[in-house]
Amino acid sequence: MTALAPARPPAPQGRAPGPLLLGVRHHGPGSARGVLAALEAARPEAVLIEGPAEADALVALAADPAMRPPVALLAHAVDDPGRAAFWPFAAFSPEWAAIRWALGRGVPVRFADLPAALTLAAGPARDDGEEHAPGADTAAARIDPLAELARAAGHEDPEQWWEDVVELRGDTDPLAPFEALAEAMTVLRERYGHGGHPRDLVREAHMRLRLRDARKEFGDAVAVVCGAWHVPALARRTTVTADRALLKGLPRTKTELTWVPWTHRRLARRSGYGAGIESPGWYGHLFSAPDRPVERWMTEVAGLLRESDHPVSSADVIEAVRLADALAALRGRPRPGLAETTDAVRAVLCGGSDVPLDLVRDRLVVGDVLGEVPAAAPAVPLQRDLDRLQRRLRLRPGAEERALDLDLRGETDAARSRLLHRLRLLGVDWGTPTGGRAGTGTFREPWRLRWEPELHVRVVEAGVWGTTVESAATARAEARALGAGSLGEITDLAERCLLAGLTGALPTVLGALADRAALDTDAAHLADALPALARALRYGDVRGTDTAALAAVAAGLAERICVGLPPACAGLGADAAAQMRDRVDAVHAAITLLPDPDLHPTPDPSTPDPSTPVADGPLVARWAGVLRRLVRGERVPGTIRGRAARTLLDEGWLSEEETGRAMGLALSPGTPPADAAAWIDGFAGGPGGGLLLVHDERLLALLDGWLTGVPAEAFTDVLPLLRRTFGGYEAGVRRTLGELVARGPDAAAPGSAALVPGFAADPDEERADGVLPLLHLVLGPEAAA
């Protein structure tokens, strides 16, 4: 919590005999150095550490060479793995220093805090294992002992005060700072009692019982390393009966404990960690630097800035060190602290800019250090399988966020993709796909990876589904399919199963999909479900997955959409019409990607690109008929009719003359201006709408003629919709349209011979054929020469 202190140091130091109570600030490098010095001076026969009592069986692993802090003890409830708590340790944590000191000298080391079985049963826990009992104190009643001591000393910044009195100074008497801060904590406890932490009284009762047991076994040659806040309570004389009474009747739950990697970033207070510090990277540097910490820090900063192409010279480093020393002298500090070094880095190495300084704060002051635990640490079978896959696929977890670009044509990258998708199905979001999958198929799959300590809890939770990643993901997918609440949820699940290569789950998922699709009569639900199936078919083929069953379901779904969509589009309001227009776009993109069952009963993986749309199949033809019905529908909102006309024109299923006729009818004087504006928004809105008007002056003339004829009283009503339509165009397109309109109505009248500069009246087929050799070179042998 905050400070340091012993109650009864050993008699050889001239003090009263008794256990050595070393009160510390969690994760303080000065506290860690002081603990090591005190242990060396006192040479206790046993060491007690503030931590869950069940962890005694795991403490020996701290001596394993493969154990590299920061690490944490993870405790979780066996019947509810989501109820978990962490007890983190960094290399500069006093508790970790005491553990390593004791193990290195063969001294017994034990944990004295409340057992995790009681902690997890009491209520939601924080990262430091302290729980919040229901109905307990509010945040307003809690005190921060460190802030109280700093305020009493006349300092506004508790972090800076702590640096001055502990982290940046040394003492010839290793026990002196512990005694001084113990006295200060005693005064605070007398004034504030439990300080807004009533659960501390129970924890301290258990610590006193553990301390009594240790004294019976080892005498007074026992050292206790705990938060300084607890030292007065441990030194206070109480009876065994009173302490046991506080623990009597507390709820328990069966727990399991292990060591897990931790990160410096999760030690930071801004991460929400209850015992967090502002600068774990800086504290780690202070603890590890053998000498000249400021000079070494400036050298690290210079190296980081140089790696980021920010010029820093040796002279700059020397000047930054001098400035930090001068600032410390001016501010009356014993040595330069983080504030002085930061000010010197900003002024000298960063040229007064906060941009490179933010990089220093993120990468060095906080840092992305990720610890490691030995293979001998207990783990659920699912974690063992995940570790094995990570090693086999050379996919090492890291605390820093990094990009991973997978090529699915390679066996290793395809296996990595399946692993990441399976973990996402299990709720272990180690990787997040980046970039859309819209458009044509691709063999590239970009990810962003970042391993957080909390993912270990997610792995433990997912362990109820299976002992391997594949079996657990399969069982989880089957359970989600059977419990899905909507058709779209099942289609999304089918896509994710194909991406994850879970062929074992597909029969259950497809069965649930077929049953739900047969019962769902809402065309909007069917339209929402189809795009995911189309993507699943395309990406399943890329991964070499058998998607024949899924293709049959998708084709049946598309047929039902073709039947039910026109009636579903009739009589919609403006908001519902906009949503249905987006569904029409999505269904069109999906249908043109589906393999037509009448032409290709099963996808052929041997073809160069199985996702190539079949433009002349019966399914596509039926869809074209649906779009024509939408264009002619009298009760269909204008935005949907306009988008259907635009889609038919883009695909070449509607001639320019037919498109002009449809536009002329939509913009006729008898059409209400709001309906006409909605038609324009559907037809000319979205990507490519502006270029369509630029290249077809006949359509532009129709639009211009309608716009000039809108009555003044109706113009203000349609203006917002028109601004949204034309405001989405690129600046160059808007400029070209303005130039065309400025030429006047005669130049752009319907049927006029006016042409856009650079364009002929009819396509030149000979010139068009000239690009085919280039397409053949770029696209490969699939392109027709």
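Predicted model only: the values in this text are computed from it and were never measured.
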Do other residues, nucleotides or ligands put more than 12 heavy atoms under 6.0 Å from the [atom1] atom of [X]?
X	atom1	value
Arg105	CZ	yes
Arg68	CZ	no
Arg363	CZ	no
Arg244	CZ	no

Closest non-hydrogen atom pair between [X] and [Y], with its separation:
X	Y	value
Met185	Leu149	CE-CD1, 3.7 Å
Ser31	Val24	CB-CB, 4.0 Å
Pro158	Ala150	CA-CB, 3.8 Å

Test side chain to side chain contact (heavy atoms under 4.5 Å, CB included) applied to [X] - qualifying residues, sequence neighbours left out:
X	value
Arg296	His285, Ala289, Pro290, Asp291
Ala66	Asp64, Pro374
Arg236	Arg208, Thr238

- Query: Going by distance alone, is a donor N or O of one side chain under 3.5 Å from an acceptor N or O of the other, for Glu148 and Tyr192?
  - Reply: yes
- Trp451 side chain to His456 side chain, donor-acceptor N/O pair below 3.5 angstrom: yes
So, does [X] use its side chain to make a donor-acceptor pair with the main chain of [Y] at under 3.5 Å?
X	Y	value
Trp262	Ala90	no
Asp220	Pro19	no
His194	His197	yes
Arg210	Phe111	yes

Is any side-chain N of the basic residue among [X] and [Y] closer than 4.0 Å to the acidic one's carboxylate O?
X	Y	value
Arg83	Asp80	yes
Arg458	Asp429	no
Arg402	Asp368	no
Asp79	Lys254	no
Arg396	Glu372	yes
Glu50	Arg203	yes
Glu400	Arg450	no

Can you measure from [atom1] ([X]) to [atom2] ([Y]) and round to the nearest 0.5 angstrom?
X	Y	atom1	atom2	value
Ile143	Arg191	CD1	CZ	9.5 Å
Leu74	Trp87	CG	CH2	8.5 Å
Asp144	Arg151	CG	CZ	8.5 Å

- Kindly state each residue pair satisfying salt bridge (Lys or Arg N to Asp or Glu O under 4.0 Å) with at least one member in residues 86-99, sequence neighbours excluded. none
- Item | Axial cation check for Trp229 ring with Arg189, 6.0 Å and 45° limits | yes
- Task: Please list, chain by chain and in numerical order, all residues satisfying side-chain hydrogen bond (donor to acceptor under 3.5 Å, both in side chains) with Trp101, sequence neighbours excluded.
- Result: Glu40
- Message: So Phe92 and Pro280, do their side chains get closer than 4.5 Å, heavy atoms only?
- Response: yes
- Task: Go through the structure and list residues passing salt bridge (charged side-chain N to carboxylate O under 4.0 Å, His left out) with Arg212, not counting sequence neighbours.
- Result: Asp243
- Item | Of Val109, Val59, Asp113, Val224, the residue whose pairing with Ile49 passes side-chain contact (heavy atoms from CB on, under 4.5 Å) | Val109
